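Remember, it's a predicted structure, so these values are computed and weren't measured experimentally.
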Amino acid sequence: MTERNEPARPSASSAAWESRPDTQITLRSPAELADALPFLMGFHPNDSIVMLALHGERGRFGGRLRLGIPANREEWPDVSKQLAETLIAVGGKHHIRPDGVVLFLCQDPAQGESGQEIMERLRPLAQALRLACGGLDVPVYEALCISDGRFWSYCCPDARCCPPEGAPLVLPGTSVMAAAAAYAGIQVRGSLRDMEARFAPLAGARAGEQEVALDAAAADLVPRILGGIDCETVRQETLDLLGLVVERFRQAPALARRTETDDRDDALLTCDESAAIILGLQDRTTRDFAAEWMEGPKAPAVLRVWRALARRCVSSYSEYAAAPLTLAGWVAWSLGDHPEARVALSLALARDPDYLFAQLLHRACNDGMDPELLRRCLRRERAGRAVHAAALAEADRATAADHSREASENAKAAPRAGRRRKAASATVTASAGAPDAPDAKSRPWASPLSAVPGDAGSGASGGARRPTGPAGAKSPAGKARTRRRAGQRGAPERQ
């Protein structure tokens with residue numbers, strides 16, 4: 001069982017009434033209450049328990065709660081108690097405990113079943129809900145059953161306004177409530193079943209083609225994501241592809257009819273593109289980056305993309321729809337479309353009850369939280385990444401400039417180094433041709449290399465070499481001689 005709580009504060013479908021005092025309406029009869037329900041919810045609830053909180057002496061509408069009718073009748077007492085406690089507890093968070101409740105049971109008859117039979121079958125559920133609310137000192141002022149275009153009251157005994165066979169609902173668009181809703185800009189998007197159908201998985205041959213593409217994408221991307229080595233690359237590839245798809249949808253505006261828009265959007269996406277994005281969104285960081293596309297002129301196109309991707313999660317990939325459904329709920333909520341936000345988030349939790357992002361958004365939406373608080377957080381995250389990326393880019397440019405400057409300096413230094421090497425070579429050559437000593441001419445056996453500075457003192461003992469030539473120890477001038485040339489008698493010349 002999936003509980004779907006409506007916000008304790010007025011939602012988008014009822015906030016318009018408070019923003020325009022001249023459009024406030026007083027509902028005095030069960031017929032007017034039954035007519036007002038779709039405008040208060042934003043859609044016609046199918047197979048639903050709806051509870052509306054009333055406040056003050058005039059019975060101003062406050063929080064609302066909707067839950068699918070449990071098929072098992074044994075659950076009705078426990079469900080009734082839980083719903084009553086939830087409606088009152090949510091109101092207590094905002095210090096607006098309800099003073100009363102209006103209850104609706106909405107269900108279409110099955111084949112061969114009449115609306116009156118539906119009313120009788122649901123009577124024990126209505127009684128359980130009345131008892132649960134009364135036990136918490138919150139009376140149920142009215143309990144209506146709506147089925148097959150008619151309504152019945154479980155509280156009003158007057159057959160003139162609530163006959164046993166039921167009273168027909170007013171024609172759509174003909175009541176004062178409908179006129180006031182049109183003036184306030186409030187729209188009814190068909191039934192709950194119609195809204196859920198916009199997110200329903202594809203069927204037939206297209207579903208088979210999409211499943212094949214998802215299998216191929218899973219074989220390629222899942223190991224890269226889970227391995228962590230190539231995760232950043234997959235993340236960037238997903239966001240780049242998603243950006244191209246969003247731009248494609250933006251250039252194809254929505255059509256007049258929702259079904260036509262959805263069919264056209266399905267044609268704008270290929271199976272391979274859908275599979276790659278769906279698998280990429282299973283990465284939490286990628287999903288969080290995608291959640292930043294929640295406002296601005298592209299937001300309506302982004303919402304259509306999330307719907308289309310949710311429809312592509314077919315067969316065994318049904319749970320993968322939790323990501324696009326949650327993103328659709330978030331963008332719808334950010335755009336002020338509370339009914340679609342709750343529908344999308346409820347479907348996300350139906351696909352994956354443990355999906356934390358959907359849980360948090362669903363609770364925040366139902367508690368009447370302002371989505372601007374979350375939008376600010378996402379903007380800060382985006383700005384922080386932009387600053388970090390700019391800093392990295394500046395560091396890269398500085399490093400590149402340093403390398404370029406170093407290369408330029410090395411290039412300029414190369415000719416000078418070459419000139420220094422040539423000068424050193426010339427010095428060595430000149431030294432090789434210079435006289436060894438003042439008496440070099442009197443010693444023709446002296447080696448020219450002995451004139452290189454420091455070579456004269458390079459002996460094994462560190463002193464001057466003793467002369468070994470024909471002059472013996474008492475050579476002229478008593479000076480040490482240099483080594484002999486190669487080929488002469490004595491030790492070979494050092495290299």
Side-chain angles (χ1 to χ4, degrees), residues 12 42-44 46 185 187-214 216-217 237-281 287 290-315 317-318 320-348 351:
F43 54 88
H44 295 276
N46 302 110
Q187 297 181 352
V188 177
R189 268 79 57 81
S191 67
L192 174 63
R193 189 178 298 111
D194 295 335
M195 296 181 68
E196 291 178 340
R198 304 195 73 181
F199 300 99
L202 299 176
R206 291 189 302 173
E209 295 174 359
Q210 186 61 61
E211 186 172 12
V212 172
L214 286 166
E237 291 174 353
T238 302
L239 295 173
D240 291 343
L241 178 58
L242 188 56
L244 294 175
V245 171
V246 168
E247 182 62 23
R248 190 185 308 160
F249 275 55
R250 192 186 67 82
Q251 294 179 1
L255 303 176
R257 299 182 60 183
R258 298 183 182 89
T259 55
E260 294 176 352
T261 299
D262 293 342
D263 291 340
R264 197 272 314 277
D265 289 347
D266 288 334
L268 292 176
L269 267 177
T270 67
C271 292
D272 292 339
E273 288 174 336
S274 303
I277 296 175
I278 290 170
L279 268 295
L281 288 176
R287 180 209 63 196
E292 296 174 359
W293 301 350
M294 74 289 185
E295 57 188 349
K298 289 187 178 182
V302 172
L303 178 56
R304 288 164 45 208
V305 170
W306 299 142
R307 289 197 204 107
L309 290 173
R311 294 192 292 268
R312 298 287 183 139
C313 297
V314 298
S315 188
Y317 293 90
S318 175
Y320 285 61
L325 284 170
T326 303
L327 291 169
W330 160 235
V331 175
W333 183 31
S334 179
L335 293 175
D337 191 346
H338 290 237
E340 180 164 3
R342 294 190 187 94
V343 169
L345 293 172
S346 296
L347 291 174
R351 300 290 182 91

Subject >> Identified side chain to side chain contact (heavy atoms under 4.5 Å, CB included) partner of V343 from the options R198, H338, M195 >> reply: M195
Subject >> Rounded distance (nearest 0.5 Å) linking atom CZ of R351 with atom OH of Y317 >> reply: 15.0 Å
Original post:
Under 3.5 Å, is there a donor-acceptor pair between the side chain of R312 and the main chain of I278?
Top reply: no
Original post:
Within the side chain of R307, is there an N or O that forms a donor-acceptor pair under 3.5 Å with the backbone of D265?
Top reply: no
**OP:** Determine the minimum heavy-atom distance between A276 and L241, stating which atoms define it.
**Re:** CB-CD2, 3.9 Å
Original post:
With side chains defined as the heavy atoms from C-beta onward, is the minimum distance between W293 and L242 less than 4.5 Å?
Top reply: yes
Original post:
Which pair of heavy atoms, one from A213 and one from A275, lies closest together, and at what distance?
Top reply: O-CB, 3.5 Å
**OP:** Indicate the atoms forming the closest heavy-atom contact of L255 with T261, along with that distance.
**Re:** N-OG1, 2.8 Å
Subject >> With E292 via side-chain contact (heavy atoms from CB on, under 4.5 Å) - residues at least two apart >> reply: F289, L378, E381, R382, R385
Subject >> Donor-acceptor contact below 3.5 Å, side chain R193 vs main chain N46 >> reply: no
**OP:** Provide the closest heavy-atom pair for P339 versus F43 in the form atom of the first, atom of the second, distance.
**Re:** CB-CD2, 3.9 Å
Original post:
What's the shortest heavy-atom distance between T238 and L281, and which atoms?
Top reply: CG2-N, 4.4 Å
Original post:
What pair of heavy atoms forms the shortest contact from L268 to R304, and how long is it?
Top reply: CD1-NH2, 4.5 Å
Subject >> Rounded distance [0.5 Å steps], CG in D272 versus CD in Q210 >> reply: 8.5 Å
Original post:
Hey, does the side chain of R206 reach the backbone of C271 with a donor-acceptor pair shorter than 3.5 angstrom?
Top reply: no
Original post:
Hey, is the main chain of V314 close enough, under 3.5 Å, to the side chain of S318 for a donor-acceptor pair?
Top reply: no
Subject >> Gap separating the CG atom of L214 from the SG atom of C313, nearest 0.5 angstrom >> reply: 7.0 Å
For residues 320-332, which side-chain donor-acceptor pairs fall under 3.5 Å, sequence neighbours excluded?
{"residue": "T326", "atom": "OG1", "partner": "A322", "partner atom": "O", "Å": "2.6"}
{"residue": "W330", "atom": "NE1", "partner": "A291", "partner atom": "O", "Å": "2.9"}

Original post:
Is the closest basic N to carboxylate O distance between R189 and D337 below 4.0 Å?
Top reply: yes
Original post:
Less than 4.0 Å between a side-chain N and a carboxylate O, is that true for D266 and R311?
Top reply: yes
Subject >> Side-chain ion pair, E247 and R250, N-O less than 4.0 Å >> reply: yes
**OP:** Give a yes-or-no answer on whether the side chains of S191 and D194 include a donor-acceptor pair shorter than 3.5 Å.
**Re:** yes
